[in-house]
Amino acid sequence: MSEPGTIYLENCLAHCNIANSIACHFTGSLNLHLFSTSVSKVLSATNKFRYELIPLDNGEGAWKEKGRNVPPVKLIRCNDINESLKDFSCNIFSLCREYGFYPVFFTVFAADENEKMDADELRNDDNKDNISVKGKFCIVQTLNHAYCDGRSCEFLLNQITEYYNALLENDLTSMEKILKRVSQTSTPSSDEIYSFGAKNSVIKLSRWQHIKNIFRLVGTKLNDDGEFSVSYPVIEAEWEKFRTEKHRPQMHFFDLNPIISHYAGNKNVNTNSIITALLVKAFRHVNAVTHNHPEKEKISFRMMSDILSAKQRQQFIGNYCAYVPVVADGSLPLENVASDILKQVDSFRNNKVDVSMYKFLEFALRKHMAGKKDDPVSFTVSLILHRKFIRHPNSLKGATFIKTTGTLNYEPLDLFGAKLNNKIAPTISLSSDNVLFVTYYPLIGGDEILNKVTDALKTVIENEISVVNKEKQKI
């Protein structure tokens, strides 16, 4: 059993104490006993989860071997899954403490119109084999972000799904292969993933390209013109009060079908760049209309970029995403903003600027530079999705995948962890029928700015749909 490598981002995330609950929605049936068994087997075989990350001072951390049991899968029957998810996230840290802050655990929500909300833990009794869910349900995977990112969790859920399918068919050979695959995963250090000039790095990037990338990153002019970040003085004054309170997450849904359909086939944009452009224009709207500063046109933000390949995601469990900087002019038409964003993102990925950004951040965290000065961007955007379920909706036998949503919460361990989470962080997903889902971390200091951005996003989407409809009428 090998100890996880040092990733300074993970050390810092331990101080943030983030609980990210990713919800995959289905319709059909699920055998709770077999699913619980699958969860237990796969997570027990995950080497990294046999260690505990102990947060130390100044963003440092230490891994310590720790024997602990995989938490049980709980079943929550409810009238409204979304409202129950909010309640669940609001109380998530009580459950995390109950589970000894195990890195990943699962909960199943079942829509039941005939029963009031009731939480039933799967117990070791004679009837548990008969517990099943039918109709609409969602599988919620809650992760402690210090141990892995969303892509690692996606891999783990894929393995759990395959194990569950094998259990249904009593396919012992497949079960053994799955557990072997999971047991062979590891957590290479950030230096092993990429290190300046090292020939044996997992990711290959020339010394010269890395130098060019660093100059590009340093030269990118970032500016949180709208002052959307929570200021450090506010955090210093209110973080202790914040972590003693319960915070109910926001979940918002917007129908983008007219916009997505209009730009289908347009090679200058893609779905992700359109959605991100809508966010940029929403922040610009707050600047121009709500705060009466029309001159503040450019919006700086960071976008999540996975630095590993699909094959490497089968091998490594950890945090291997970079947040690359993007600057866009929110006063331009939507297509222009989306096209500009797509060009910047393609350039970052083609030149592996995201890899350099990952190492740049690791260097800053290693040198204890985090928490000293605020990152001058207005927001940080993340995408939650499950690629296999999207491509193969019937991957979970007996059920059909519908969409992915989720909730986020955090309970900072200290002032350092509180300062690292001072950004508006829209976490988004898009359903197959083009309904945009948006949720946020709660912010120290209150949700006023989150509400402003949400209202602005609604207005921007309505305006863009109006533009699309007018263009249709011309045709």
Side-chain angles (χ1 to χ4, degrees), residues 9-10 12-23 82 85-96 101 140-150 153 224 226-232 234-236 238-253 275-276 279 282-283 286 301-304 319 321 323 370-371 374-375 377-384 404-429 436-457:
L9 175 59
E10 294 187 340
C12 291
L13 287 171
H15 289 263
C16 296
N17 193 23
I18 298 169
N20 185 356
S21 296
I22 304 169
N82 288 331
L85 276 170
K86 292 179 185 178
D87 291 336
F88 176 78
S89 184
C90 185
N91 296 288
I92 192 64
F93 288 103
S94 295
L95 194 57
C96 288
F101 289 96
V140 178
Q141 186 178 22
T142 300
L143 64 130
N144 182 329
H145 223 322
Y147 290 81
C148 54
D149 55 24
C153 286
D224 180 22
E227 298 180 350
F228 291 99
S229 297
V230 182
S231 68
Y232 282 1
V234 170
I235 290 175
E236 289 165 0
E238 299 191 25
W239 79 273
E240 288 187 343
K241 177 176 176 288
F242 173 87
R243 70 173 186 167
T244 63
E245 300 170 336
K246 290 186 177 181
H247 304 278
R248 189 172 170 83
Q250 296 192 19
M251 300 174 70
H252 303 286
F253 299 87
I275 294 172
T276 312
L279 286 170
F283 279 80
V286 174
F301 64 98
R302 292 193 183 274
M303 177 183 290
M304 184 181 71
N319 281 274
C321 286
Y323 283 87
D374 188 25
D375 183 23
V377 296
S378 296
F379 67 95
T380 300
V381 61
S382 301
L383 181 68
I384 52 171
T404 304
T405 63
T407 59
L408 304 109
N409 213 331
Y410 72 106
E411 190 179 88
L413 299 184
D414 48 31
L415 180 58
F416 175 73
K419 285 183 175 180
L420 294 178
N421 257 14
N422 73 326
K423 300 290 172 198
I424 299 177
T427 299
I428 62 176
S429 68
L436 174 67
F437 168 75
V438 182
T439 189
Y440 312 96
Y441 289 106
L443 287 180
I444 294 174
D447 291 344
E448 181 182 359
I449 191 63
L450 296 180
N451 296 335
K452 287 181 180 180
V453 169
T454 301
D455 290 342
L457 180 59

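Excluded from the calculations below are hydrogen atoms, water molecules and symmetry mates; all remaining heavy atoms, backbone and side chain alike, are included.
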Say you draw a straight line from [atom1] of [X] to [atom2] of [Y]; how long is it, rounded to the nearest 0.5 Å?
X      : Y      : atom1 : atom2 : answer
Leu408 : Thr142 : CG    : OG1   : 10.5 Å
Ser382 : Met304 : OG    : CE    : 5.0 Å
Ser21  : Lys86  : OG    : NZ    : 14.5 Å
Ile235 : Asp374 : CD1   : CG    : 7.5 Å
Asn82  : Met251 : CG    : CE    : 4.0 Å
Leu413 : Asn17  : CG    : CG    : 4.5 Å

Pairing residues for Asp414 by the salt bridge (charged side-chain N to carboxylate O under 4.0 Å, His left out) criterion, not counting sequence neighbours: none

Under the salt bridge (charged side-chain N to carboxylate O under 4.0 Å, His left out) test, residues paired with Glu236 that sit two or more places apart: Lys419

List the atom of [X], the atom of [Y], and the distance in Å for their closest heavy-atom pair.
X      : Y      : result
Cys12  : Leu420 : CB-CD1, 3.6 Å
Ile22  : Gly150 : CD1-CA, 4.4 Å
Pro426 : Val438 : CB-CG1, 4.3 Å
Val140 : Phe88  : CG1-CE2, 4.1 Å
Pro249 : Cys90  : CD-N, 4.2 Å

According to side-chain hydrogen bond (donor to acceptor under 3.5 Å, both in side chains), who are the partners of [X], at least two apart in sequence or on a separate chain?
X      : value
Asp224 : Ser229, Ser378
Ser89  : Thr407
Asn319 : Glu10, His145
Asn91  : Lys246

Contacts of type ring-ring contact (aromatic ring centres under 6.0 Å, His included), residue Phe379, not counting sequence neighbours: Phe283, Phe301

Residue list, ring-ring contact (aromatic ring centres under 6.0 Å, His included) with Phe242, at least two apart or on another chain: His247, Tyr410

Validation row: Val377, Tyr323 side chains within 4.5 angstrom (heavy atoms): no

Pairwise side-chain contact, Asp375 with Arg302, heavy-atom cut-off 4.5 Å (strictly under): yes

What pairs with [X] under side chain to side chain contact (heavy atoms under 4.5 Å, CB included), at least two apart in sequence or on another chain?
X      : answer
Ala146 : Leu13, Ala14, Leu53, Asn144
Ile275 : Leu256, Thr271, Ile428, Leu430, Leu436
Arg243 : Trp239, Glu411, Pro412

Show me the side-chain donor-acceptor pairs of residues 439-447 shorter than 3.5 Å, one per line, residues at least two apart or across chains.
| residue | atom | partner | partner atom | Å |
| --- | --- | --- | --- | --- |
| Thr439 | OG1 | Gln250 | O | 2.6 |
| Tyr440 | OH | Thr454 | OG1 | 2.9 |

Backbone of Leu143 reached by a side-chain donor or acceptor of Asn20 within 3.5 Å: no

Greater than 12 external heavy atoms within 6.0 Å of Glu448's CD: no

